[in-house]
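Inspection log for the structure reproduced underneath, given as structure tokens.
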Amino acid sequence: DGTRFITATDVADVRVWDAILGLPLGALIQHQSQISSACFNPDGTRILTAGLSGTVKVWTAATGRPLGIPLPHQGRVVHADFQPDGSRLVTLAGDTAQFWDAGTGQPLATMKSEGPLRSSRFSPDASRLLLLSEKAAQVWTVATSKPFGDALKFEKPILHGWLSSNGTRLITIFKDTHEVWDVASGKLLGSRKESMARRAGLNSDGTRAFSLSYNKTEVWQVEGAKLLGPPISHEQRFDEARFHPDGLHLSILSSDTAQVFDIASGKAARAPFLRKDAADPLDALADDSRDARTDGEISQIFSSDPAE
């Protein structure tokens with residue numbers, strides 16, 4: 001619901017804040033090594049931290065107290081996240097991704113990648129997991145922990161990547177282009193020149209894409225890369241965007257504000273509103289239910305609403 005966020009410092013401290021009042025909540029969490037990743041679980045009751053010393057810890061969000069014992073790794077952990085239903089964790093260390101039972105801390109399946117891993121992201125329906133290394137992307141089926149299609153290998157570094165709702169298509173951000181891929185076949189479906197975007201995504205069937213930069217958002221057809229309307233201009237910095245189920249509107253969101261735009265005209269379809277004032281604004285506006293996080297940004301908004 002956008003009412004809380006996490007900050008992490010380079011001296012291993014994690015703090016939960018009230019996003020409306022700007023005041024700290026609960027006790028200071030001390031991970032005891034430099035932090036590479038921090039996030040809430042889906043219902044906002046737990047916090048997961050990963051450190052470059054190779055330890056991963058789970059904390060009670062309300063009290064800041066640790067839950068269970070640290071999860072040990074060989075080498076630095078660059079990323080950790082909860083599965084969308086909160087039942088498992090995934091951690092990245094070197095070329096290995098590891099699933100863990102979130103309740104018991106027991107290790108589960110292990111997945112190997114093409115080179116050292118940099119980030120991971122679940123598909124919105126939680127059926128698949130994207131693993132990114134510097135120049136490769138591999139999608140895995142969560143239920144079986146087996147690869148879905150072959151690894152996609154590139155000659156240039158990948159900055160970010162996101163899966164479509166069912167995990168069958170992938171959009172990748174490079175320095176100067178966005179590319180959309182069919183995961184099963186490895187076929188390139190479309191690409192568009194873009195050098196300023198920091199977030200991208202696909203609609204539910206993967207036929208439309210958006211590219212979100214600091215001051216504008218563009219929506220385009222994957223096949224042919226044709227713009228579907230004028231750029232949507234916005235002065236405020238927005239962190240994410242989602243397609244409306246009707247295919248005609250796009251919801252653009254910051255930590256506390258949501259606004260709906262008509263794709264064809266690029267104009268606002270309604271006045272902006274505060275996310276905390278709507279009972280469930282994102283489910284009403286969008287067909288993707290999983291929020292996206294910008295890799296490398298530890299001090300940012302992480303929603304605690306399980307609907308997000």
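As the structure is a prediction and not an experimental result, all values here were calculated from the model. For the single chain, residues carry numbers from 1 onward in sequence order.
Listed by first and then second residue, the side-chain hydrogen bond (donor to acceptor under 3.5 Å, both in side chains) pairs involving residues 59-71 are Thr49-Trp59 (not counting sequence neighbours). Here side-chain hydrogen bond (donor to acceptor under 3.5 Å, both in side chains) pairs that include residues 133-145, with residues two or more places apart or in two chains, number zero. Listed by first and then second residue, the salt bridge (Lys or Arg N to Asp or Glu O under 4.0 Å) pairs that reach into residues 215-230 are Arg192-Glu218, Lys216-Glu218, sequence neighbours excluded.
Under a cut-off of 6.0 angstrom, the local environment of CG in Asp150 is sparse, with at most 12 non-hydrogen atoms contributed by other residues, nucleotides or ligands. By the neighbour-count criterion of 12 heavy atoms within 6.0 Å, atom CZ of Arg76 is sparsely surrounded, having that number or fewer from other residues, nucleotides or ligands. Dense packing is recorded around NZ of Lys156, with more than 12 heavy atoms of other residues, nucleotides or ligands lying under 6.0 Å away.
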* Given the rule in the side chain to side chain contact (heavy atoms under 4.5 Å, CB included) test, do Trp17 and Leu25 qualify, once you have shown the distances and angles that lead to the verdict? -> CA-CA 5 Å; Trp17 298 82; Leu25 298 172; 5.9 Å; no

* Could you give me the CA-CA distance, side-chain angles and deciding distance for Arg118 and Val78, then say whether side chain to side chain contact (heavy atoms under 4.5 Å, CB included) is met? => CA-CA 6 Å; Arg118 301 174 63 182; Val78 297; 5.8 Å; no

* **Trace of the salt bridge (Lys or Arg N to Asp or Glu O under 4.0 Å) decision for Lys267 with Asp262** => CA-CA 6 Å; Lys267 296 180 179 180; Asp262 177 78; over 6 Å; no

* Asked: Passes side chain to side chain contact (heavy atoms under 4.5 Å, CB included), Val180 versus Leu170? Steps please.
  -> CA-CA 6 Å; Val180 179; Leu170 166 67; over 6 Å; no

* To do: Just do the side chain to side chain contact (heavy atoms under 4.5 Å, CB included) check on Val77 and Leu52 with the steps written out, would you?
  => CA-CA 5 Å; Val77 180; Leu52 297 182; over 6 Å; no

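Atom NE2 in His160 sits 11.5 Å away from atom CD1 in Ile158 (nearest 0.5 Å). Distance OG/Ser211 to CD1/Ile173: 7.0 Å, rounded to 0.5 Å. Atom CH2 of residue Trp181 and atom CG of residue Leu163 lie 14.0 Å apart, to the nearest 0.5 angstrom. In this structure, Leu48 CG and Cys39 SG are separated by 4.5 Å, a value rounded to the nearest 0.5 Å. Atom CG of Leu250 is separated from atom CZ of Phe261 by 8.5 Å, given to the nearest 0.5 angstrom. Going from atom CD of Gln98 over to atom NZ of Lys112 covers 9.5 Å, rounded to the nearest 0.5 Å.
Relative to the ring axis of Trp162, Arg199 places its NZ or CZ within 45° and under 6.0 Å from the centre.
For the pair Leu117 and Leu132, the minimum side-chain heavy-atom distance is 4.5 Å or more. Looking at Val183 and Thr168, their side chains never come closer than 4.5 Å, going by heavy atoms from C-beta outward. Looking only at side-chain heavy atoms (C-beta outward), Phe174 and Pro157 stay at 4.5 Å or farther from each other. Counting only heavy atoms from C-beta outward, the side chains of Leu248 and Ile263 never approach each other to under 4.5 Å. Looking at Thr91 and His79, their side chains never come closer than 4.5 Å, going by heavy atoms from C-beta outward. Counting only heavy atoms from C-beta outward, the side chains of Val222 and Leu202 approach each other to under 4.5 Å. Side-chain contact between Ser165 and Asp125 is absent, with no heavy-atom pair separated by less than 4.5 Å. Between Asp13 and Ile29 there is no side-chain heavy-atom pair separated by less than 4.5 Å.
Listed for the Thr55 side chain is no donor-acceptor partner under 3.5 Å among the backbone atoms of Pro70. Between the side chain of Asp95 and the main chain of Gly115, no donor-acceptor pair closer than 3.5 Å is present. Between the side chain of Ser164 and the main chain of Arg169, a donor-acceptor pair closer than 3.5 Å is present. His244 places no side-chain N or O within donor-acceptor distance of the main-chain N or O of Arg242, the cut-off being under 3.5 Å. In this structure a side-chain-to-backbone donor-acceptor pair under 3.5 Å is present from Ser36 to Ala50. Side-chain atoms of Thr172 come within 3.5 Å of backbone N or O of Glu179 as a donor-acceptor pair. Under a 3.5 Å cut-off, the side chain of Arg46 and the backbone N or O of Ala61 do not form any donor-acceptor pair.
None of Asn41, Val142, Leu89 except one satisfies the side-chain contact (heavy atoms from CB on, under 4.5 Å) rule with Gln83; the exception is Val142.
The minimum heavy-atom distance linking Ala137 with Leu130 is given by the pair CB-CD1, 4.1 Å. In this structure, Val139 and Gly167 approach most closely via the heavy-atom pair CG1-O, 4.2 Å. When all heavy atoms of Ala80 and Ser37 are compared, the pair lying nearest together is O-OG, 3.1 Å. The minimum heavy-atom distance linking Ala97 with Leu92 is given by the pair CB-CD2, 3.6 Å. Taking both residues in full, the closest heavy atoms of Ser191 and Trp220 are given as C-CZ3, 4.5 Å, listed atom of the first, atom of the second, then distance.
Aromatic ring centres of Phe82 and Phe40: separated by at least 6.0 Å.
A continuous path of Ile, Leu, Val, Met, Phe, Trp and Tyr side chains, each step under 4.5 Å between heavy atoms, connects Leu108 with Leu129, placing both in one hydrophobic cluster.
By the 4.0 Å N-to-carboxylate-O rule, Asp182 lies too far from Lys187 to be salt-bridged with it.
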